[in-house]
Peer 1: 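Please see the structure below; I have some questions.
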Amino acid sequence: MGDITKQNVDAIVNAANTTLLGGGGVDGAIHTAAGPELLKECEKLGGCSTGKAKITKGFNLPAKWVIHTVGPVWSGGQYNEKFVLTSCYQNCLKLAEEYQIKTLAFPSISTGAYRFPITEASEIALREIKKHLDQKSSQIEKVLIVCFDEKTYLHYLAQLGHV
Ligand code: APR
């Protein structure tokens, strides 16, 4: 439970939209905490496709980097949403390795405005993070999933037992 903008880690992940120009939710909180320079850097990135990830500095955040990823909007589950959410976690972890990021914090991607069911989303998040960290080649030492509300937290806690 906590606020991802306050986490003292090498990188935090932002649940952004394809414009990368900010928004509400965790995207808004990260831009507010990082300051206006984050938007300036994002403007140069030319957006981000759903399922992909791009990295910027963290500016005024305690975290050195922000990895922006665009989760799927839940549309009933027949449109590859699970595959796309899986790609978000995989692409963020891949970028973290490329930038020698040792500690990383994720929010619960897509489970807010994008309405992805929390049970399936938390299962995907924990499975992909565990699968990645189990690889001998991974240099990542710690991954946090920072839940902003109790309901989300309890879902992740419940899923932890199954991974
Ligand atoms: N720290 C950690 N988690 C947070 C924070 C915070 N400061 N603020 C919100 N959250 C949580 C929400 O409670 C939710 O559990 O992040 C999770 C993801 O919710 P959203 O931020 O709504 O993200 P998402 O569902 O992926 O929707 C993305 O919303 O803000 C816009 O620009 C964003 O269009 C994009 C869309």
Side-chain angles (χ1 to χ4, degrees), residues 1-56 58-77 79-93 95-96 101 103-129 142-160:
M1 284 286 288
D3 178 343
I4 201 163
T5 66
K6 300 203 174 5
Q7 301 304 314
N8 220 333
V9 289
D10 294 343
I12 62 170
V13 172
N14 180 21
N17 60 59
T18 53
T19 69
L20 290 187
L21 300 179
V26 71
D27 194 5
I30 289 173
H31 274 273
T32 302
E37 289 168 284
L38 177 60
L39 181 58
K40 280 207 198 79
E41 187 167 344
C42 285
E43 281 165 351
K44 296 178 198 148
L45 295 178
C48 181
S49 309
T50 301
K52 299 281 188 249
K54 289 192 178 179
I55 193 165
T56 64
F59 299 105
N60 303 337
L61 287 161
K64 187 167 173 241
W65 304 101
V66 180
I67 295 178
H68 306 263
T69 191
V70 182
V73 176
W74 182 256
S75 315
Y79 297 88
N80 254 351
E81 294 99 317
K82 289 189 179 181
F83 173 78
V84 174
L85 187 61
T86 301
S87 307
C88 285
Y89 284 97
Q90 291 173 341
N91 286 321
C92 290
L93 289 158
L95 255 184
I101 286 159
T103 55
L104 176 64
F106 281 100
S108 180
I109 301 168
S110 278
T111 62
Y114 284 2
R115 299 186 327 283
F116 202 111
I118 178 74
T119 308
E120 286 85 350
S122 52
E123 188 188 337
I124 288 168
L126 288 163
R127 185 190 63 220
E128 289 310 313
I129 291 166
K142 182 165 82 169
V143 176
L144 302 175
I145 298 175
V146 182
C147 300
F148 201 53
D149 58 82
E150 179 91 22
K151 177 174 167 285
T152 303
Y153 174 68
L154 291 174
H155 272 93
Y156 276 85
L157 215 51
Q159 286 298 337
L160 259 185

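Every number for a ligand or one of its atoms is a count from 1 in the order of the listing. In what follows, residues are counted from 1 in the order of the sequence shown.
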Peer 1: Starting from atom 14 (C) of ligand 1, which protein heavy atom do you reach first, and at what distance in Å?
Peer 2: Thr111 OG1, 4.0 Å
Peer 1: Between Ile30 and ligand 1, which part of the residue brings a heavy atom under 4.0 Å of the ligand: side chain, backbone, both or neither?
Peer 2: neither
Peer 1: Side chains of His155 and Cys147, heavy atoms from C-beta outward: is any pair under 4.5 Å?
Peer 2: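 Result no, sub-4.5 Å side-chain heavy-atom pair not found.
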Peer 1: Among protein heavy atoms, which sits nearest to atom 3 (N) of ligand 1, and what does the distance come to when rounded to 0.1 Å?
Peer 2: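 Heavy-atom neighbour on the protein nearest atom 3 (N) of ligand 1: Phe148 CB, 3.5 Å.
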Peer 1: Which residue supplies the protein heavy atom nearest to atom 29 (O) of ligand 1, what is that atom called, and how far is it?
Peer 2: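 Of the protein heavy atoms, Ala113 CB, 3.6 Å lies nearest.
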Peer 1: Do you know which of Asp10, Val9, Thr5 makes side chain to side chain contact (heavy atoms under 4.5 Å, CB included) with Gln7?
Peer 2: Val9
Peer 1: Side chains of Leu39 and His31: closer than 4.5 Å at any heavy-atom pair?
Peer 2: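 Yes. Closest side-chain heavy atoms under 4.5 Å.
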Peer 1: Tell me whether ligand 1 is touched by Gly28 - counting only heavy atoms on the residue side and a distance under 4.0 Å.
Peer 2: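 Contact absent.
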Peer 1: Of all the non-hydrogen atoms in the protein, which one sits nearest to atom 31 (C) of ligand 1, and at what distance?
Peer 2: Gly24 N, 3.7 Å
Peer 1: Report yes if some heavy atom in the side chain of Leu85 is under 4.5 Å from a heavy atom in the side chain of Tyr89; otherwise report no.
Peer 2: yes
Peer 1: Is there a side-chain contact between Phe106 and Leu93 (heavy atoms, below 4.5 Å)?
Peer 2: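 They are in contact (side-chain heavy atoms under 4.5 Å apart), so the answer is yes.
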Peer 1: Kindly confirm or rule out an N or O of Ser108 lying under 3.5 angstrom from an N or O of ligand 1.
Peer 2: no
Peer 1: Is it true that, when you exclude Phe59 itself, more than 12 heavy atoms of the residues, nucleotides or ligands shown sit nearer than 6.0 Å to its CZ?
Peer 2: yes
Peer 1: Using heavy atoms and a threshold below 4.0 Å, how should the contact between Ala29 and ligand 1 be classified: side chain, backbone, both, or neither?
Peer 2: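 Ala29 to ligand 1: side-chain contact only, backbone stays beyond 4.0 Å.
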Peer 1: Is there a side-chain contact between Tyr114 and Asn17, using heavy atoms and a 4.5 Å cut-off?
Peer 2: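 Yes, side chains in contact.
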Peer 1: Nearest to atom 23 (O) of ligand 1, what protein heavy atom do you find, and at what distance?
Peer 2: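 Checked against all protein heavy atoms, atom 23 (O) of ligand 1 sits closest to Ala15 CB, 3.8 Å.
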Peer 1: If you measure every N or O of Ser110 against every N or O of ligand 1, does any of those distances drop under 3.5 Å?
Peer 2: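 N/O-N/O distance below 3.5 Å exists for this pair.
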Peer 1: Counting non-hydrogen protein atoms only, what is the nearest one to atom 13 (O) of ligand 1? Give residue, atom name and distance.
Peer 2: Asp149 OD2, 3.6 Å
Peer 1: Which protein non-hydrogen atom lies closest to atom 1 (N) of ligand 1, naming both residue and atom, and how far is it?
Peer 2: Ile4 N, 2.9 Å
Peer 1: Okay, side chain of Lys54, backbone of Leu45: is any donor-acceptor separation there less than 3.5 Å?
Peer 2: yes
Peer 1: Please determine whether any non-hydrogen atom of Ala16 lies less than 4.0 Å from an atom of ligand 1.
Peer 2: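 Ala16: in contact with ligand 1 (<4.0 Å).
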Peer 1: Please report whether ligand 1 has a polar contact with Tyr114, defined as an N or O pair separated by less than 3.5 Å (distance criterion only).
Peer 2: yes
Peer 1: Please examine the side chains of Leu126 and Leu160, heavy atoms only from C-beta on, and report whether any two atoms are closer than 4.5 Å.
Peer 2: yes
Peer 1: Distance under 4.0 Å to a non-hydrogen atom of Val146: what atoms of ligand 1 satisfy this?
Peer 2: 2 (C), 3 (N)
Peer 1: Please identify which of these residues, Val26, Thr69, Asp3, Ile12, meets the side chain to side chain contact (heavy atoms under 4.5 Å, CB included) condition with Pro107.
Peer 2: Val26
Peer 1: Which residue holds the protein heavy atom closest to atom 33 (C) of ligand 1, what is that atom called, and what is the gap in Å?
Peer 2: Asp27 OD2, 3.6 Å
Peer 1: Would you check the N or O atoms of Val26, main chain and side chain alike, for any that come under 3.5 Å of an N or O of ligand 1?
Peer 2: yes
Peer 1: Give the numbers and elements of all ligand 1 atoms closer than 4.0 Å to a heavy atom of Asp3.
Peer 2: 1 (N), 6 (C), 7 (N)
Peer 1: Once side chain to side chain donor-acceptor pair (under 3.5 Å) is applied, do any residues pair with Asn8, and if so which ones, sequence neighbours excluded?
Peer 2: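 In terms of side chain to side chain donor-acceptor pair (under 3.5 Å), with neighbours along the sequence ignored, Asn8 is linked to no residue.
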Peer 1: Could you say whether the N/O atoms of Cys147 and ligand 1 ever approach to under 3.5 Å?
Peer 2: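 Not met; the criterion fails.
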Peer 1: Compute the shortest N/O to N/O distance between Gly112 and ligand 1 and return yes if it is under 3.5 Å, no if not.
Peer 2: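 Yes: some nitrogen or oxygen of Gly112 is under 3.5 Å from one in ligand 1.
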Peer 1: For Asn91, enumerate each residue passing the side chain to side chain donor-acceptor pair (under 3.5 Å) test, keeping only those at least two apart in sequence or located in another chain.
Peer 2: none
